[in-house]
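Encoded as C-alpha cells, the structure appears first; notes follow it.
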Amino acid sequence: MKTEEVPSAYEGSIVVCVDGSDDDRSAVEWAVRLAQHVHSSIRLVHALPDVGKWFDPAVLIAGAQLESELRRVGKKFLDDAALIIRDLDPEIEVECSITGGAATDLIESISTDSRLLILGGSRTGPLRDLIFGHSIIELVNAAVCPVLVWRKSRDESADPTRPIVVGVDGSQPSRRALAAAFDLARTLGADLVTVHVGAVEDADELDYGTSVDRQHQRDAERKWLQDIVDPYKSEYPTVVVEVRSVGASVARELGTMSASAQVIAVGSRGRGRLSSAILGSVSQSLIHRAQCPVLVVP
C-alpha cells in the first residue's frame with residue numbers, strides 16, 4: 001500500500017493572520033518554532049474589516065479617515081507581531097501585508113500559494129459566529145491549503161513535546177490528515193497518536209468474525225487502522241506511533257484528547273451529498289471546542 005501522495009504542509013511560506021487578539025503572540029511564537037525547523041519564511045497578514053458591511057455609508061461622514069485609522073491600527077498589529085519574530089529569531093525572513101475585501105476571497109487567495117495558514121480561533125463559537133456574521137468555519141472551508149486554527153492550550157506549563165493526535169475514518173481527507181500529521185510529528189520531534197473515529201468507510205475491509213462484541217470490534221478497527229498506518233513507518237522511521245480505536249462520540253473523544261495534545265489533525269470534509277462543499281461536523285466541533293490548535297487538512 002502506498003502512502004498518501006500529498007505535498008508537505010510545511011514547505012514554503014507559513015502565513016499567520018494577525019488580528020490584534022491575545023492569541024497573536026502565542027500563534028506567532030508557534031509559527032517561529034515551525035519556521036526554524038523547516039527553514040521557512042513567515043508572512044504576516046492583517047485583514048481590514050468590511051466597514052460597509054457594518055455601517056450605512058450615509059453615516060460614514062469621515063469614511064476616508066476611518067479607513068486610514070483602521071490601516072494604522074492594523075499596521076501596529078503587524079509591527080508588534082514582526083517584532084516578536086525578530087526577537088525570537090532575526091534570521092527568519094518576514095513579510096507583512098494589509099488587505100481588504102471579502103474574508104473568504106482573501107483566505108482563498110492567500111492559501112493558493114501557501115503551504116500552511118494559521119488563523120486565530122479562540123474567539124469563535126457557533127453563537128458568536130451567528131451574531132457577528134463572521135464564521136471561521138467559512139474561512140477554513142475557503143482555504144485550499146492546510147489550516148492551523150490556533151487555540152491556545154489552557155495549561156500554560158504544558159509540555160511542548162506533547163503528541164500530535166490525528167483522527168482517521170478511512171476517507172481520503174482523513175488519510176491526507178494522517179500524512180500531514182506524520183510530517184508534523186517528524187518536524188517537531190513529537191510522538192503521534194492515530195485514532196480510529198466513526199464508521200469505517202470500507203466496512204468490508206474489517207474482519208469482525210461471526211459474532212460481534214465491542215472488544216472484537218475495537219480490535220478489528222485497530223487492526224484496520226494499523227494497516228493504514230504501517231506504510232508510513234518506513235517513510236517516517238523516527239516517529240513513535242500509537243494506534244487507538246475508540247467507541248465514544250467522535251467529537252467528544254477527540255475533544256477530550258485535545259487537552260493533552262500539542263496539535264489535533266483532522267480531514268476537512270464530511271461525507272454525504274454536501275461533503276465536497278462543507279466542513280465535516282467533527283472538524284467544526286473541534287475548531288470551536290478543542291483545547292489545542294486544530295490542523296484541518298483539505
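By convention here, the first residue in the shown sequence is residue 1. A quick note: this is a predicted structure, and the numbers were derived from the prediction, not measured. All heavy atoms count here, side chains included; hydrogens, waters and symmetry mates do not.
- Judged by distance alone, with hydrogens and angles left aside, the side-chain atoms of H196 form no donor-acceptor pair with the main-chain N or O of R222 at under 3.5 Å.
- Counting only distance, with no hydrogens or angles, the side chain of R43 and the backbone of V16 share no donor-acceptor pair below 3.5 Å.
- Taking the six-membered ring where the residue is Trp, F182 and Y232 present parallel rings, their angle staying beneath 30° rather than reaching 60°.
- Note that CG of D169 is 9.0 Å distant from CD1 of I228, once rounded to the nearest 0.5 Å.
- Hydrophobic clustering, with ILVMFWY side chains joined whenever heavy atoms are under 4.5 angstrom apart, groups V73 together with L48.
- Side-chain contact, S283 with S268: no donor N or O sits under 3.5 Å from an acceptor N or O.
- When all heavy atoms are compared, the tightest approach of C96 to V94 is SG-CG1, 4.2 Å.
- Taking 4.0 Å as the cut-off between side-chain N and carboxylate O, R33 and E29 do not count as a salt-bridged pair.
- For S13 against S40, the heavy-atom pair with the smallest separation is CA-OG, 3.7 Å.
- Remark: the D23 side chain and the S21 side chain contain no N/O donor-acceptor pair separated by less than 3.5 Å.
- A donor-acceptor pair is defined here as one N or O able to donate and one able to accept, closer than 3.5 Å; such a pair exists between the side chain of T256 and the backbone of R252.
- The distance from atom CG of L116 to atom CD1 of I14, rounded to the nearest 0.5 Å, is 6.0 Å.
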Review point. Given the rule in the side chain to side chain contact (heavy atoms under 4.5 Å, CB included) test, do L139 and V149 qualify, once you have shown the distances and angles that lead to the verdict?
Key: CA-CA 10 Å; L139 301 184; V149 180; over 6 Å; no
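- Two residues are said to be in side-chain contact when any heavy atoms from C-beta on lie closer than 4.5 Å; L117 and C17 meet this criterion.
- By the rule that hydrophobic residues join a cluster once side-chain heavy atoms approach within less than 4.5 Å of another member, V147 and V144 end up as members of separate clusters.
- A salt bridge links R244 and E242; the closest N-O separation between the charged side-chain nitrogens and carboxylate oxygens is under 4.0 Å.
- Shown here is D87, whose CG atom has more than 12 heavy atoms of other residues, nucleotides or ligands within 6.0 Å.
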**Study point:** Evaluation steps, side chain to side chain contact (heavy atoms under 4.5 Å, CB included), between L286 and L254
**Key:** CA-CA 8 Å; L286 290 171; L254 291 177; 4.0 Å; yes
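- With rounding to the nearest 0.5 Å, the separation of CE in M257 from SG in C292 is 10.0 Å.
- Side-chain polar atoms of E221 and S245 form a donor-acceptor pair below 3.5 angstrom.
- The line from CG of L88 to CG of L83 is 9.5 Å long, rounded to the nearest 0.5 Å.
- Expressed to the nearest 0.5 Å, how far CG of D113 lies from SG of C145 amounts to 9.0 Å.
- Under a 3.5 Å cut-off, the side chain of S258 and the backbone N or O of Q291 do form a donor-acceptor pair.
- L295 approaches A180 most closely through the heavy-atom pair CD2-CB, 4.2 Å.
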Practice item. Any chance you could lay out the side chain to side chain contact (heavy atoms under 4.5 Å, CB included) test for Y236 and V241, step after step, and finish with the verdict? Key: CA-CA 10 Å; Y236 300 93; V241 187; over 6 Å; no
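- A distance-only check finds a donor-acceptor pair linking the side chain of D24 to the backbone of G20 [under 3.5 Å].
- The pair K233-D230 meets the salt-bridge criterion, with a side-chain N (NZ, NE, NH1 or NH2) lying under 4.0 Å from an Asp/Glu carboxylate O.
- Judged as a side-chain contact (heavy atoms from CB on, under 4.5 Å), and not counting sequence neighbours, the contacts of T99 are V45, L106.
- Under the side-chain contact (heavy atoms from CB on, under 4.5 Å) criterion, D191 pairs with P163, V240, sequence neighbours left out.
- Residues L148 and P293 share a closest heavy-atom pair of CD1-CB, 3.9 Å.
- Summarising the geometry of I98 relative to K75, their closest heavy-atom pair is CD1-N, 3.6 Å, with the distance given to 0.1 Å.
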Exercise for review: Decide side chain to side chain contact (heavy atoms under 4.5 Å, CB included) for V266 and V294; before the verdict, give the C-alpha distance in whole Å, the side-chain angles of both, and the deciding distance to 0.1 Å.
Suggested key: CA-CA 8 Å; V266 287; V294 179; 4.2 Å; yes
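- Taking all atoms of both residues into account, the shortest heavy-atom contact from V18 to H46 is O-ND1, 2.9 Å.
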